[in-house]
Amino acid sequence: GIAGEIVGEVGISGGAFEAQGSMKFRLNTTGKAIDETVTLAGTDYTLSFSTAAEIDAEKKNYFNFSILNASFQLGEYLKIEGSFTFATDDDGNEVFYGSDLRIFLGDGIAYIEGDVLREDAFGIVLLDATVTLVRFEDGTMLFEATGSAKAIGSEGFTLSGDIKAVYNSSDKTTYSFDDAEGTARSITLGANDKATDGVAYIEFGGSNLEIQVGDVYLSGSFSFEIDSLTGSIITIGATNVDVFIGEGKSTSVTTDDKGL
């Protein structure tokens, strides 16, 4: 078997997909723990594989591919910024995950540079997002994304709050693993939030959401269960919802509120 690590810069462009960032690829097919230091051109390089997934003596197939400080452009309307990792877990399932991501779904370029918003951008920004996707050995998948959402560039419509999206084509409702840094990651769904008769479970919703459409203000928790075959909404859930219709609600002062 072999063990090694490659680090460098990556730039990919093809069709509607573009990506750039720093790349790290780690591979261990020895099934053994590795802790070696070599010196090249006066610089010491340490290669270490020590976690259970990295030294699986039976499967001997550990790999970990990370893109750091990356920017992904998927088509014209979706851009993802942050660091991502592709790996295998202890059971041989393929895992993709990332944290502290910034996701923009919309028209135009959301940020000029850093955290400066463009005035002409239109869409929804998901901040501090965490994404976990696992592809099981039977080909089914479990996906969860969470983050803080904000609508930008839409006059008369605002959205803010914590968002969660789920896609589950498997029969599993819980999943956990330790990532390459030893951090425990997990997905926990409801008992019925799984595929039924081969049809995937899809849910999109959020908690502590504040929505404004004109002079209508809604706040609370909302969830939408979506039919994966037709794309239509089959269940809408709402809890702890407050409704205000009128003027002045968008200000921090309550004495100027006029409405119901």
Side-chain angles (χ1 to χ4, degrees), residues 74-82 98-111 115-132 142-168 173 187-194 196 199-260:
L74 305 175
E76 298 181 4
Y77 303 108
L78 177 62
K79 185 172 185 178
I80 305 175
E81 298 171 287
S99 299
D100 301 322
L101 307 178
R102 186 168 67 189
I103 302 173
F104 174 65
L105 178 63
D107 188 19
I109 300 174
Y111 292 89
D115 296 325
V116 180
L117 278 168
R118 287 178 59 104
E119 294 184 358
D120 59 349
F122 174 81
I124 294 178
V125 176
L126 197 61
L127 302 172
D128 300 322
T130 296
V131 173
T132 302
L142 176 57
F143 166 85
E144 181 181 74
T146 60
S148 177
K150 177 181 180 180
I152 58 175
S154 178
E155 186 175 353
F157 172 79
T158 62
L159 168 69
S160 63
D162 300 323
I163 292 292
K164 176 181 178 181
V166 172
Y167 174 89
N168 188 8
T173 57
I187 297 175
T188 302
L189 306 179
N192 297 318
D193 299 349
K194 57 187 177 181
T196 303
V199 178
Y201 174 84
I202 303 176
E203 180 184 352
F204 176 83
S207 59
N208 303 316
L209 289 179
E210 295 184 0
I211 302 171
Q212 176 195 354
V213 183
D215 291 331
V216 179
Y217 300 81
L218 302 173
S219 63
S221 298
F222 303 86
S223 65
F224 305 87
E225 185 179 343
I226 302 171
D227 189 318
S228 63
L229 296 180
T230 65
S232 60
I233 297 173
I234 57 177
T235 302
I236 299 177
T239 58
N240 300 320
V241 176
D242 292 328
V243 181
F244 177 85
I245 302 175
E247 301 177 352
K249 185 65 174 178
S250 60
T251 68
S252 59
V253 180
T254 60
T255 55
D256 64 352
D257 293 354
K258 298 178 182 180
L260 301 176

Taking atom [atom1] of [X] and atom [atom2] of [Y], what is their separation to the nearest 0.5 Å?
| X | Y | atom1 | atom2 | answer |
| --- | --- | --- | --- | --- |
| Glu210 | Asp242 | CD | CG | 10.0 Å |
| Tyr217 | Phe244 | OH | CZ | 7.5 Å |
| Thr130 | Ile187 | OG1 | CD1 | 11.0 Å |
| Glu81 | Leu127 | CD | CG | 10.0 Å |
| Thr173 | Lys194 | OG1 | NZ | 6.0 Å |
| Thr146 | Leu126 | OG1 | CG | 7.5 Å |

Can you list everything that forms a side-chain hydrogen bond (donor to acceptor under 3.5 Å, both in side chains) with Ser219? Sequence neighbours excluded, please.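 For Ser219 there are no side-chain hydrogen bond (donor to acceptor under 3.5 Å, both in side chains) partners, ignoring immediate neighbours.
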Asp162: partners by side-chain contact (heavy atoms from CB on, under 4.5 Å), with sequence neighbours left out: Ser148, Ser207, Asn208
Residue list, side-chain contact (heavy atoms from CB on, under 4.5 Å) with Leu209, at least two apart or on another chain: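 Result, side-chain contact (heavy atoms from CB on, under 4.5 Å) vs Leu209: Leu159, Ile163, Phe222.
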Is there a side-chain contact between Asn168 and Leu189 (heavy atoms, below 4.5 Å)?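 Yes - at least one pair of side-chain heavy atoms lies under 4.5 Å apart.
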Can you give me the closest heavy-atom contact between Val131 and Ala145, atom names plus distance?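 Smallest interatomic distance, heavy atoms only, reads CG2-CB, 4.0 Å.
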Minimal non-hydrogen separation, Asn192 against Tyr201, with atom names: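 Looking at all heavy atoms of both residues, the shortest contact is O-CD1, 4.4 Å.
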